Amino acid sequence: MATSPTLRHITPGATVPPPRPHTPAAATLAAGTATREGNPLSTVDHVADFYGAYTDALTDQGRGQLVDALRRHYLTPELRRSLARWEAIHHRDGVLRAAGIPTAWQVDYNDSGTGHCWSRVTLTWEDAANQSHHTHLMVQSNLETRRISGIRAEG
């Protein structure tokens, strides 16, 4: 019986070899490309995962369903209701606090206490003259659930 390269039975206690590059494209990455890594138990990584997936979904076609699903998964119901009110008033995306789509994002730990973690999200935007501009957001997460419970513009 042949096994699929993507689905194999692993015997408990077995050592799993590191993944191999899937395509030659892995060898042709541009110099300076950042390595991405994360920890599923990290609240800050959870925020970074959300902003990465969210901006990707906004860039892709058929984005509506995925954007909604990401919001349901990563954001508390209270925040989703608050964003809906904010967006109705400002006619902008409440997660980004803007009307467009950023060209890059960065998430850094800021502070934590009283059951919450605050991450600083930096969004990079390019104008028509290819000049970069930045927006800074303070994102609050619940430490127990890692769900995002607040987003506000900084400065």
Side-chain angles (χ1 to χ4, degrees), residues 6-7 18-155:
T6 58
L7 192 59
R20 292 175 290 165
H22 297 290
T23 65
T28 61
L29 291 175
T33 300
T35 299
R36 271 73 165 178
E37 61 182 48
N39 178 336
L41 300 179
S42 165
T43 303
V44 176
D45 287 352
H46 204 69
V47 172
D49 292 343
F50 170 68
Y51 272 89
Y54 192 79
T55 56
D56 285 351
L58 289 174
T59 304
D60 295 341
Q61 288 188 347
R63 64 190 192 187
Q65 290 180 356
L66 180 55
V67 166
D68 292 342
L70 289 168
R71 283 181 174 219
R72 282 191 307 276
H73 179 77
Y74 283 94
L75 309 179
T76 64
E78 298 82 12
L79 177 58
R80 291 195 313 270
R81 285 190 293 274
S82 173
L83 289 176
R85 287 188 301 272
W86 189 93
E87 291 168 343
I89 293 167
H90 298 280
H91 306 288
R92 296 173 183 258
D93 186 308
V95 168
L96 303 174
R97 294 296 201 249
I101 302 171
T103 57
W105 53 267
Q106 179 178 323
V107 178
D108 295 297
Y109 170 82
N110 189 74
D111 196 9
S112 60
T114 63
H116 293 94
C117 175
W118 288 267
S119 302
R120 187 168 194 248
V121 176
T122 303
L123 302 174
T124 302
W125 309 86
E126 286 188 14
D127 62 21
N130 290 327
Q131 296 294 316
S132 292
H133 305 277
H134 301 283
T135 302
H136 301 285
L137 305 174
M138 193 58 61
V139 175
Q140 176 182 317
S141 301
N142 180 304
L143 283 172
E144 185 178 330
T145 65
R146 291 183 308 282
R147 292 184 87 184
I148 297 170
S149 56
I151 300 172
R152 66 176 171 82
E154 230 187 358

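Everything numeric in this text was worked out from a predicted model, so none of it was measured. In this chain, numbering begins with 1 at the start of the sequence shown.
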Q.
Is the terminal nitrogen or CZ of Arg97 (NZ for Lys, CZ for Arg) located under 6.0 angstrom from the six-membered ring centre of Trp86 and within 45° of that ring's axis?
A. yes

**Q.** Under 3.5 Å donor-acceptor, Ser119 side chain and Val44 backbone
**A.** no

Q.
Could you measure the distance from the CZ atom of Arg146 to the CG atom of Asp45? Nearest 0.5 Å is fine.
A. 10.0 Å

Q) Passes side-chain contact (heavy atoms from CB on, under 4.5 Å), Leu75 versus Phe50? Steps please. A) CA-CA 9 Å; Leu75 309 179; Phe50 170 68; 4.1 Å; yes

Q.
Once rounded to the nearest 0.5 Å, what's the spacing between atom CG of Leu123 and atom CD1 of Ile101?
A. 12.0 Å

**Q.** Inter-residue atom distance Glu144.CD - His116.NE2, 0.5 Å rounding
**A.** 10.0 Å

Q.
As a test of understanding, state which of Thr135, Thr124, Thr55 forms a side-chain contact (heavy atoms from CB on, under 4.5 Å) with Pro102.
A. Thr55

Q) How far does CG of Leu79 sit from CG of Asn142, to the nearest 0.5 angstrom? A) 12.0 Å

Q. What's the shortest heavy-atom distance between Trp125 and Gly100, and which atoms?
A. CZ3-C, 3.4 Å

**Q.** 4.5 Å side-chain heavy-atom contact, Tyr54 and Arg71
**A.** yes

**Q.** Among Val139, Asp56, Thr122, the one residue meeting side-chain contact (heavy atoms from CB on, under 4.5 Å) with Tyr51
**A.** Val139

Q.
Can a donor-acceptor pair be found, under 3.5 Å and without considering hydrogens, that links the side chain of Arg120 to the backbone of Met138?
A. no

Q. Under the criterion side-chain contact (heavy atoms from CB on, under 4.5 Å), which of Val95, Leu96, Ile151 is the partner of Leu137?
A. Ile151

Q. What closest approach, in Å, do Thr43 and Ser141 show between heavy atoms, and which atom pair accounts for it?
A. CG2-CB, 3.2 Å

Q) Can you tell me how far the NE2 atom of His133 sits from the OG1 atom of Thr103, to the nearest 0.5 Å? A) 10.5 Å

Q. Which distance, rounded to the nearest 0.5 Å, do you find between the CD of Glu87 and the CZ of Arg80?
A. 12.0 Å

Q: Spell out, as yes or no, whether a donor-acceptor pair under 3.5 Å connects the side chain of Gln140 to the backbone of Ser149.
A: no

Q: Starting from the C-alpha separation in whole Å, work towards a yes-or-no answer on side-chain contact (heavy atoms from CB on, under 4.5 Å) for Asp93 and Val67.
A: CA-CA 11 Å; Asp93 186 308; Val67 166; 5.6 Å; no

